[in-house]
Amino acid sequence: MSKIHYVFWDSDNTLIDSMEMHWRKHVETLKSHGIALKEEHRPLIYRNNGVQNWQWLHKELGLTLPQEEYLQQIDNWYFEHLDHIKIRDGIIESLSLINERGIRQAVISSGRKRSVMAPLTAKNLTKYMSFILCNEDYDSNKPDPAPYLAGMKRMGPDVTGEQCLAIEDDPKGVEAAKAAGMTVIHRKLSQNQPNAPLADAVCFEGETLLKQLSSYLLLPSASHE
């Protein structure tokens, strides 16, 4: 296997812990329109991006607000509460390590650009990235490999999956990166989250992530326990 030359990060719940805030932006916005989300809706809200959530809310819960207006309202709530979003532990150390090794890194997200960019900018994480690709930059979302294939193409015409490492919190993201031929670390959002079966390495703690990255960046890529 080739040595890792490029690192790709998912954003939400990988670089930043934004899950609860994404849930609350829908809950609080929908309250003003007379719609109450239930706890049983959480997995679906987490799994969908903003457009997909609007489509579901429009079809199943009777939301009449036009799509762009709804997206603007949830974004406004989210932007007003950016201070509550935290960078995940070990991320700054990991980003710094990658830069110190002279390895280019980028963000590959299925989220909408304005939603993704706001916390990354607020937390000063954009300075580590060569570029940031979002939902608007490709035709298909994860687990389709299209986002990661677009990332490799943006890195350079001769970049191959074997040269790339991806870090993802979602098994769908792991699947997408693996389909693009990359080595993948599954950075779980909780200790109890099941391991993504396709991942080459799995971790939860920031210290473990840093150790795994150090190993991959020093040695040819191989499976890690």
Side-chain angles (χ1 to χ4, degrees), residues 1-23 39-49 52 85-95 97-98 103 105-111 116 119-120 125 133 135 140-149 151-152 160-225:
M1 301 289 283
S2 302
K3 183 179 178 181
I4 297 300
H5 293 284
Y6 311 97
V7 175
F8 293 96
W9 295 88
D10 178 52
S11 181
D12 285 313
N13 304 315
T14 302
L15 290 170
I16 56 173
D17 189 349
S18 56
M19 179 179 287
E20 186 63 23
M21 300 308 291
H22 278 304
W23 166 249
E39 279 297 312
E40 65 194 54
H41 297 143
R42 272 186 187 261
L44 181 64
I45 294 295
Y46 290 157
R47 187 165 60 247
N48 287 343
N49 61 30
Q52 292 167 330
I85 296 174
K86 305 298 183 184
I87 300 172
R88 292 196 65 183
D89 66 298
I91 289 298
I92 296 299
E93 296 85 351
S94 297
L95 295 174
L97 171 70
I98 295 167
I103 294 172
Q105 51 191 327
V107 168
I108 304 294
S109 173
S110 293
V116 172
L120 295 182
L125 298 183
L133 297 185
N135 179 266
S140 299
N141 287 324
K142 306 167 188 176
D144 192 290
Y148 280 107
L149 294 175
M152 286 194 291
T160 67
E162 287 188 346
Q163 298 172 307
C164 301
L165 173 68
I167 301 95
E168 279 275 357
D169 74 287
D170 191 328
K172 286 186 176 181
V174 173
E175 183 179 344
K178 289 301 294 183
M182 298 182 179
T183 300
V184 189
I185 296 174
H186 180 204
R187 174 79 192 276
K188 300 196 297 184
L189 188 58
S190 71
Q191 193 72 267
N192 296 327
Q193 182 184 3
N195 295 351
L198 296 178
D200 298 280
V202 178
C203 66
F204 170 65
E205 298 86 355
E207 182 179 355
T208 306
L209 172 64
L210 191 58
K211 289 179 180 178
Q212 291 175 344
L213 280 171
S214 297
S215 179
Y216 277 123
L217 301 183
L218 283 171
L219 301 172
S221 54
S223 293
H224 284 47
E225 297 298 331

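Between Pro147 and Leu133 the shortest side-chain heavy-atom distance does not fall below 4.5 Å. Under the 4.5 Å side-chain criterion, counting only non-hydrogen atoms from C-beta, Trp9 is in contact with Leu95. Counting heavy atoms from C-beta outward, Val202 and Gln212 have side chains that stay 4.5 Å or more apart. In this structure the side chain of Leu209 reaches within 4.5 angstrom of the side chain of Ile185, judged on heavy atoms. By the 4.5 Å heavy-atom criterion applied to side chains, Leu165 and Leu213 are counted as neighbours. Looking at Pro145 and Met182, their side chains never come closer than 4.5 Å, going by heavy atoms from C-beta outward.
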Can Thr14 and Val107 be said to form a side-chain contact (heavy atoms from CB on, under 4.5 Å), step by step? CA-CA 10 Å; Thr14 302; Val107 168; over 6 Å; no

What's the verdict on side-chain contact (heavy atoms from CB on, under 4.5 Å) for Val116 and Asn135, showing C-alpha distance, side-chain angles and the deciding distance? CA-CA 9 Å; Val116 172; Asn135 179 266; over 6 Å; no

Check step by step if side-chain contact (heavy atoms from CB on, under 4.5 Å) holds for Cys164 and Tyr148. CA-CA 10 Å; Cys164 301; Tyr148 280 107; over 6 Å; no

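Judged purely by atom type and a 3.5 angstrom limit, Asn49 has no side-chain atom pairing as donor or acceptor with the backbone of Gly111. Looking only at distances, a side-chain donor or acceptor of His186 sits under 3.5 Å from a matching main-chain atom of Ala196.
Rounding to the nearest 0.5 Å places OG of Ser215 at 11.5 Å from CG of Leu210. Note that the NE2 atom of His22 and the CE atom of Met19 stand 9.5 Å from one another [nearest 0.5 Å]. Atoms CG and OG, on Asn48 and Ser110 in that order, are 11.0 Å from each other to the nearest 0.5 Å. The CD atom of Gln105 lies 10.0 Å from the CG atom of Leu125; values are rounded to the nearest 0.5 Å. Taking OH from Tyr216 and CD1 from Ile4, the interatomic distance works out to 8.0 Å, rounded to the nearest 0.5 Å. Of the inter-residue distances, the one linking Leu15 atom CG with Asp10 atom CG reads 7.5 Å to the nearest 0.5 angstrom.
Judged as a salt bridge (Lys or Arg N to Asp or Glu O under 4.0 Å), and not counting sequence neighbours, Glu205 has no contacts. With sequence neighbours left out, the salt bridge (Lys or Arg N to Asp or Glu O under 4.0 Å) criterion links Glu20 to Arg42.
Considering every non-hydrogen atom in both Ser11 and Leu120, the closest pair reads OG-CD2, 3.5 Å. Between Cys203 and Thr208, the closest heavy-atom pair is CB-CG2, 3.6 Å.
Screening residues 163-172 for salt bridge (charged side-chain N to carboxylate O under 4.0 Å, His left out) gives Lys142-Glu168 as the qualifying pairs, with residues at least two apart or on separate chains.
Under 4.0 Å is where a charged nitrogen must lie from a carboxylate oxygen, and between Asp89 and Arg187 at least one such pair does.
A donor and an acceptor atom, one from each side chain of Ser18 and Asp12, are located under 3.5 Å apart.
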